[in-house]
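Take a look at the structure set out below.
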Amino acid sequence: MTMEMILALGILVLMIVMIMSDKFAFGAPPLIACLLLVVTGLATVPEAFAGFVNSSVIMIAGFMVVMAALMKTHFIGKVQSAMIKLVNKGGYKSYVLLVIVVMLGASLAGAGSTGYYVLILSIVSAIPYNKKMPTSKLMLPLGFATNHPLLPINVALFYGITVSVLETAGFTGGLSMSKFAVVNFILALGFLVWALVAYRFLPDYPDTEEGNAGVKEAAATADVSTMPAWKETATIAAFIIGVVGMMLMSVLGEIAYVIPGIAAAFLLIINVLDFKEVRDNMGAPVILLMAGVIGVANTLAETGFTAMVGDYVANSFGTNLSPFMLILIFALLTSTCATFTGAAMGSVYIFAPIAIAASISLGLNPTAAAVAVVVSAWNGGYMPVDGMPAMIFGMGKYKLSHFWAFSVPMYIIRILALTVGAMLLFPV
């Protein structure tokens, strides 16, 4: 390891320790880490703070403003009321129903859809504390459920990436989309099994946020601000435009990233939100966390640390490793790299070629390895350092121990289910 690798890894570890300590304001550890990158000479100021002009961060920041406006409408009040009825009813059956409904919704939105998971997390975070079903028992499972379509009918993106890495490696054996969808279904079932088991292990604590302190039962209806009907219609339209824009990112290109911001500006102009509300939501601690960690992630990759790990593993396999372990190890490496760097696509293009080459050299069909590696890149999430996991961690006000108690077993179960599914559908 070079000195640059050691320094970058040390800053990453320090950032994680600060997050774990719960002694720092949420969002502060990544900012401190960015400063250290500059002080140690690992990155320039623009490189260290690149996350604050990152397209995805800007998109999510704008959408947070739109969501804040949507939370004021009677429409979202009705959605909240439906969820609150289940929360007030309480019990395990209501919990199961909520998880399944969110997973079915993900079938339409697509796995990992930014608009969908921000919507679900925003709704859950606005539900007042209820002893029968605390929101602290809902944020983790429902948040991660948005990444697991129960009906995998929208897998074109991951399928296309898998075909691409296989063809790039010179393998032209073809890939069945229906079988690829079944692998994703097996993955979703693995998550569902864990979510159903984990309910009893999830924490139960009241919302202690200022202005909503103490224990209180959920009201039958959501508390929304009164606004003219035309403003409600305009707010809902802005939300729909924002969601559709993010879902059509592959078609619209760069424009998709600013559509939520344009929608937010429109809502400011028509006075659905005042400037303080816009500022507070765009600069929310969750956004600071997401933006701050990108500089650390980029530096870790640019020092060559990730590539070094991949090469080391590939050279250490030998010829006696079982196909299952080969695929499992590369899925673990890819998902872990994506978790810590936030670069799912980059992790795929680092590890997929190595996994495919290793499979071919062992005389194996590389399709299962390619499928597992690609899908695994979006199924890490056991550390709250990027995107959806960071939002779940922050909006749920969890301690890291609470987060890990759910996310680490979930991660292991998902990767195992993914590996088994890939080998069953695409025999090596």
Side-chain angles (χ1 to χ4, degrees), residues 83 86-87 90-113 116-117 120-121 124 133-155 158 179-204 324-325 327-328 331-332 334-336 338-339 368 371-384 388-389 392-393 396 398 401-426:
M83 295 184 72
L86 288 173
V87 172
Y92 188 66
K93 290 183 179 179
S94 296
Y95 168 79
V96 173
L97 182 58
L98 282 168
V99 172
I100 291 176
V101 166
V102 172
M103 292 180 73
L104 288 173
S107 302
L108 299 176
S113 169
Y116 186 59
Y117 75 68
I120 295 299
L121 293 176
V124 174
M133 190 182 292
T135 51
S136 55
K137 282 184 174 285
L138 295 177
M139 187 69 75
L140 273 163
L142 296 189
F144 281 109
T146 62
N147 194 43
H148 295 286
L150 197 56
L151 302 175
I153 56 179
N154 189 3
V155 296
F158 296 162
K179 290 183 178 180
F180 185 83
V182 174
V183 173
N184 283 268
F185 175 69
I186 293 173
L187 172 64
L189 286 183
F191 167 79
L192 180 59
V193 169
W194 168 242
L196 299 184
V197 171
Y199 179 73
R200 65 177 64 250
F201 303 112
L202 289 165
D204 175 1
F324 178 83
M325 288 304 300
I327 296 172
L328 178 63
L332 290 169
T334 307
S335 54
T336 294
T339 294
V371 169
V373 165
V374 170
V375 178
S376 70
W378 282 268
N379 284 279
Y382 59 88
M383 281 296 296
M388 180 177 65
I392 293 172
F393 179 70
Y398 292 109
S401 58
H402 294 152
F403 186 86
W404 275 345
F406 182 88
S407 65
V408 172
M410 174 198 72
Y411 169 67
I412 295 171
I413 291 170
R414 291 192 306 183
I415 297 301
L416 286 172
L418 173 60
T419 304
V420 170
M423 292 192 67
L424 285 176
L425 274 298
F426 302 99

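Values below: every heavy atom of this structure, side chains too, minus hydrogens, waters and symmetry copies. Bear in mind the structure is a predicted one, so any value in this text is a computation, not a measurement. Along the sequence shown, residues carry numbers from 1.
Checked options Val182, Ile413, Thr419, Asn379; the residue passing with Leu187 is Asn379 (criterion: side-chain contact (heavy atoms from CB on, under 4.5 Å)). When each of Tyr117, Phe185, Phe191 is tested with His148 by the rule ring-ring contact (aromatic ring centres under 6.0 Å, His included), just one qualifies, namely Phe191.
When all heavy atoms are compared, the tightest approach of Met103 to Ala188 is CE-O, 3.6 Å. In this structure, Leu140 and His402 approach most closely via the heavy-atom pair CD1-O, 4.0 Å. Here the closest non-hydrogen pair linking Pro141 and Tyr95 is CB-OH, 3.3 Å. In terms of heavy atoms, Ser376 sits closest to Thr334 at OG-CB, 3.6 Å. A pairwise comparison of heavy atoms in Leu142 and Ile120 identifies O-CG2, 4.1 Å as the closest pair. Counting all heavy atoms, side chain and backbone alike, Asp204 lies closest to Pro134 at OD1-CG, 3.1 Å.
With 3.5 Å as the limit, one finds no donor-acceptor pair spanning the side chains of Ser335 and Tyr382.
Not counting sequence neighbours, the partners of Val101 by the side chain to side chain contact (heavy atoms under 4.5 Å, CB included) test are Leu97.
Residue Leu425 holds its CG atom at 10.5 Å from CZ of Phe180, rounded to the nearest 0.5 Å. A distance of 8.0 Å separates OH in Tyr398 from CD1 in Ile392, rounded to the nearest 0.5 Å. The CG atom of Leu138 lies 7.0 Å from the OH atom of Tyr199; values are rounded to the nearest 0.5 Å. Rounded to the nearest 0.5 Å, atoms CZ (Phe393) and CZ (Phe403) are 7.5 Å apart.
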Item to check | Worked verdict on Phe144 versus Met410 for side chain to side chain contact (heavy atoms under 4.5 Å, CB included) | outcome: CA-CA 9 Å; Phe144 281 109; Met410 174 198 72; 3.6 Å; yes
Item to check | Steps toward side chain to side chain contact (heavy atoms under 4.5 Å, CB included) verdict (Leu202, Ser136) | outcome: CA-CA 7 Å; Leu202 289 165; Ser136 55; over 6 Å; no
Checklist entry - Going through the distances and angles, do Leu104 and Ile100 end up as a side chain to side chain contact (heavy atoms under 4.5 Å, CB included)? => result CA-CA 6 Å; Leu104 288 173; Ile100 291 176; 4.0 Å; yes
Item to check | Evaluation steps, side chain to side chain contact (heavy atoms under 4.5 Å, CB included), between Val420 and Ile186 | outcome: CA-CA 9 Å; Val420 170; Ile186 293 173; 5.7 Å; no
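Between Trp194 and Phe406, the ring planes lie tilted relative to each other; the angle falls in the 30° to 60° range.
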